[in-house]
Amino acid sequence: MNPAGLTQAKTVPLRRTDAFADPGLGASPSWHAFAINQTGIAFTDRAGVVGDQRVRIDPTALRIIDDGWRGPRRIFEQDGTPAAVCSRGTLTRVEAALAEAGTEAMIGHEIEFVLVDPDGCRLPSTLWAQYGLAGVLEHEGFVRDVIRAAATAGIGIEQLHPEYAVNQFEISLSPLAPVAAADQLVLTRIIVGRAARRHGLRVSLSPMPFAGSVGSGAHQHFSLSTSEGPYFPAEPARRA
């Protein structure tokens, strides 16, 4: 995912997996400057189309999606040094700095999204009820596909339920260390989008899919702790 939140990808046959890990595949520095709204490249003195970096997947984080594999990547310079603008590399360094300081971080994500038609328009619904069973039954095939694919990929879904808006769902993911939690979040979004397409739908992750309607959140919960205990201990329960 680039700094604008755009999820980027390269695809190779299975026989090329090793090369994708080392030495990696070429990528233009413009990868860091593509705008999420498809308006082009946000050129700077350091981000443009000139030059070449290396995209390397992390073999330890490969996960199965349907009949293929998906692996998160990091971006390196030609000399092998990590690219300073690589978001996953930055988070890796932050996690290492926390560990060096004796701090453990755990991150849990919640994803809200709305099912829309193939053109991105509202879906009709006569049965939807906020947090109700009707929403699950109306899109039962989609819900089953998401849960099945997530289990195959090793994603920890804590819960999946209908939300307040029509055709809106929320998924709560198991807490993990920062890099693993970010990988899990991106992978879940991919799985949700693929499942929707199989059912002739699309997914909107927009914070406000439709004017005047309920928005979708992207919540991040975190805890920090040391060997002595959590930074933010829970307040003890009060007796009446």
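Values reported hereafter were calculated over all heavy atoms of this structure, with side chains retained and with hydrogens, waters and symmetry mates removed. The structure displayed is predicted, hence computed values, not measured ones.
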From [X] [atom1] over to [Y] [atom2], what is the distance, rounded to the nearest 0.5 angstrom?
{"X": "Thr81", "Y": "Phe76", "atom1": "OG1", "atom2": "CZ", "answer": "9.0 Å"}
{"X": "Gln159", "Y": "Ile171", "atom1": "CD", "atom2": "CD1", "answer": "10.0 Å"}
{"X": "Phe169", "Y": "Ser216", "atom1": "CZ", "atom2": "OG", "answer": "12.0 Å"}
{"X": "Glu170", "Y": "Tyr164", "atom1": "CD", "atom2": "OH", "answer": "15.0 Å"}
{"X": "Ile65", "Y": "Leu187", "atom1": "CD1", "atom2": "CG", "answer": "4.5 Å"}

| task | For the pair His199 and Phe142, name the ring-plane relationship: parallel under 30°, tilted 30 to 60°, perpendicular over 60°. | result | perpendicular

Does some side-chain heavy atom of [Y] sit less than 4.5 Å from a side-chain heavy atom of [X]?
{"X": "Ile111", "Y": "Leu185", "answer": "yes"}
{"X": "Gln168", "Y": "Leu115", "answer": "no"}
{"X": "Val114", "Y": "Val214", "answer": "no"}
{"X": "Glu112", "Y": "His219", "answer": "yes"}

| Derivation of the side-chain hydrogen bond (donor to acceptor under 3.5 Å, both in side chains) call for Glu138 and Ser125 | CA-CA 9 Å; Glu138 192 167 9; Ser125 178; 3.1 Å; yes

| message | Between Ser223 and Tyr231, do the side chains contain a donor N or O and an acceptor N or O under 3.5 Å apart? | response | no

| remark: Sorted by chain and number, sequence neighbours left out, salt bridge (Lys or Arg N to Asp or Glu O under 4.0 Å) with Arg63 holds for none

| field | Arg144, CZ: over 12 other non-hydrogen atoms inside 6.0 angstrom | value | no

If you look at every heavy atom in [X] and [Y], which pair is closest and at what distance?
{"X": "Leu25", "Y": "Val12", "value": "CD1-CG1, 3.5 Å"}
{"X": "Asp52", "Y": "Ala27", "value": "OD1-N, 3.3 Å"}
{"X": "Arg88", "Y": "Arg73", "value": "CD-O, 3.3 Å"}
{"X": "Gln8", "Y": "Trp31", "value": "NE2-O, 2.9 Å"}

| Salt bridge between Asp145 and Arg198, side-chain N to carboxylate O under 4.0 Å? | yes

| task | Decide, yes or no, whether a salt bridge links Arg202 with Asp119 under the criterion of side-chain N to carboxylate O below 4.0 Å. | result | no

| task | Sequence neighbours left out, what passes side chain to side chain donor-acceptor pair (under 3.5 Å) with Arg194? Give chain and number order. | result | Asp66

| request: Before giving the answer on side chain to side chain contact (heavy atoms under 4.5 Å, CB included), spell out for Asp117 and Leu201 the whole-Å C-alpha distance, their side-chain angles and the decisive distance to 0.1 Å. | output: CA-CA 5 Å; Asp117 74 11; Leu201 307 170; 5.7 Å; no

| said: Would Arg56 pass as a cation-pi partner of Phe20, given that its NZ or CZ must be under 6.0 Å from the six-membered ring centre and within 45 degrees of the axis? | reply: no

